[in-house]
Amino acid sequence: MSEAVEATAPKRKRSDRLEAMVLGTLSVLTVWGLWEFIGRQNGSALSAVAPPPTVFLQGVSENSFKIGLGSQAVPVWRAVISSVTRVMGGMAIAFFAAVVTGVIMGISRRATMLVSPLLHLLAPIAPIAWIPIAIVVLGINNLTALFIVFMGVYFTLTIATLAEIDRLPPQYQIIARNLGASPWQCWAFVVFPAVLPGVFTLLRTNFIAAWMAVLVAEMIGLRDGLGTIIMMGRNLFNSQLIMFGMLVIGLCGFVIDAILKIIGKHVFWWRV
Amino acid sequence: MTEATETPGRRPLIEASYVTMSYADRNGHAATALRDIQLRIYPGEFICLLGPSGCGKTTLLKLFGGFLAPTSGGILFKDHELAGSTPQIGMIFQEPNLFSWLTVEQNVSFGPRMAGRPKADIRAEIEQVLRTVGLTEARNYYPHQLSGGMRQRAAIARALATQPSALLLDEPFSALDVVLRRRMQQFIREIWEQKRTTMIMVTHSIEEALLCAQRIIVLGGRPSGVLQDIDVRAHALKDRYSPEFAAAQRRLEELIDSEKSDPLRAPDATDTIVGQPLAAGGI
């Protein structure tokens, strides 16, 4: 079976990854160090507006990482879970809805003609613009958050699905039909799986937009989540809380993106 | 080399009668790629279609497979008008086009699964087909883990799994290197000897045609027609170093060379035809 083994250079890959990690950590540490150095100078404006991590982390830890006042204070992990569930839930729904819409549009030319102007009209509307309407119609709850994430991702992904379908080599469908697949089977068992990885890659690129939409929704309307931390810090003139909120938002985004990357690599690994 | 002779009493598997294929060229003028093709293909034959590029070999193959409908004339398959692609006539392209998210085994079982055949049935069939193409060990591999030759073998296995009466091969080995190509020629020949599935292969290599085929059909002319229909069953022609082989190769070369199409001629007939009507037909 030696024929089957593709020539790879795992050693080279591993050293590349190590180098990336070392350099990446180095750059983060350098920025952090500079920030601490400047922020800890006496009378530095920076320490008032953007206190360095050691300062704000200590400040927040005095409150045992609880956000809010008195009995209403909730631990920070509750905010993390709210925001992360919202963005992941909204993206999952949008992903499958978009692929299904795309495939249906791919099957029926009439459906494409009917739906595609709507898609292109709705796609450019920023998800944030839906917040006022969503709050009125759906109320201040998780449904609003899911809706906003959905609106932020769905249209772009549907358009992406259509592009992926267009990109498929026509032979795939010819072969599937030749092997006896009905038109329906052809779409369900060939076109649908064939476009999944490409659309998922776009989902990952669109994650930042969805993440921001959730945070803004939390800042404007919702009563919990990471966005609220920032708004609370603003209302209390507590720059430590603001910086802490920003750090957690950044970390969460980083981790989610890494998770999406892993999903892309291990679940939707194939290329057409 | 002798002219292929009709065997009386045998029913042709595929029959082309007065098949003409026209297409609209870039300027919208009707151009004829194939004119009045008359051919009978008998069960169990191994046929190679040869001819200069642009002579409509691939177009004819697609007509035989029901992927294109002739402008006039008809294609009969088992005495019935061929109405579109059918699993009974399998198609192999130059690219294996394996479904990359499925293992070799899942790829091969695709056709039987679509037909809704019972699971035990499918398993037995797949077992046998995988053994035939020598991919039993690689059954759980994904296409990207296979070499080029193995991929093409898997594609052939996938087509064989639907138990087709005929297999159409459109330059199936031209993307492979010379050594591999030789091996694949031998491989397809062995498959044919074992299964006696009717094979129709388009190739631009005279050597490949002589090595594999029982019968070579040379296309050429403007518009293209059948120039020669040659019986190449002679045993000496399967030995590439025999003088007979060299002589036959030279004769075919000269025949095709004399027909070489004008390189300045505007659109390539096959290129134009391959995509368009298929896409419009929504296959």
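Chain identifiers are assigned alphabetically (A, B, ...) following the order of the sequence lines, protein sequences preceding nucleic acid strands; residue numbering begins at 1 within each chain.
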- On the 0 to 90° scale, with breaks at 30° and 60°, tag the Tyr172(A)-Phe99(B) ring pair as parallel, tilted or perpendicular. parallel
- Message: So for Phe189(A), is it side chain, backbone, both, or neither that comes closer than 4.5 Å to the heavy atoms of chain B?
- Response: both
- Message: I'd like to know if the side chain of Ser100(B) and the backbone of Arg271(A) have a donor-acceptor N/O pair within less than 3.5 Å.
- Response: yes
- Message: Report which part of Ile92(B) has an atom under 4.5 Å of a heavy atom belonging to chain A: side chain, backbone, both, or neither.
- Response: neither
- Under 4.5 Å heavy-atom distance to chain A, tell me which part of Thr86(B) shows up: side chain, backbone, both or neither. backbone
- If you count the non-hydrogen atoms of other residues, nucleotides and ligands that lie under 6.0 Å from CE in Met88(A), is the total more than 12? yes
- Item | Which portion of Leu98(B) sits near chain A, non-hydrogen atoms under 4.5 angstrom | backbone
- In short, Ile89(B) meets Asn178(A) closest at the heavy-atom pair O-ND2, 2.8 Å
- Name the option with the most non-hydrogen atom pairs under 4.5 Å to chain A; the candidates are Ala159(B), Pro164(B), Pro87(B). Pro87(B)
- Message: Are the side chains of Leu196(A) and Trp101(B) in contact, using a 4.5 Å heavy-atom criterion?
- Response: no
- Apply side-chain contact (heavy atoms from CB on, under 4.5 Å) to the pair Ile174(A) and Phe93(B), showing each step before the final yes or no. CA-CA 10 Å; Ile174(A) 295 174; Phe93(B) 292 94; 4.0 Å; yes
- Query: Where is the tightest heavy-atom contact between Gln171(A) and Asn97(B), given as atom of each residue plus distance?
  - Reply: CB-ND2, 3.3 Å
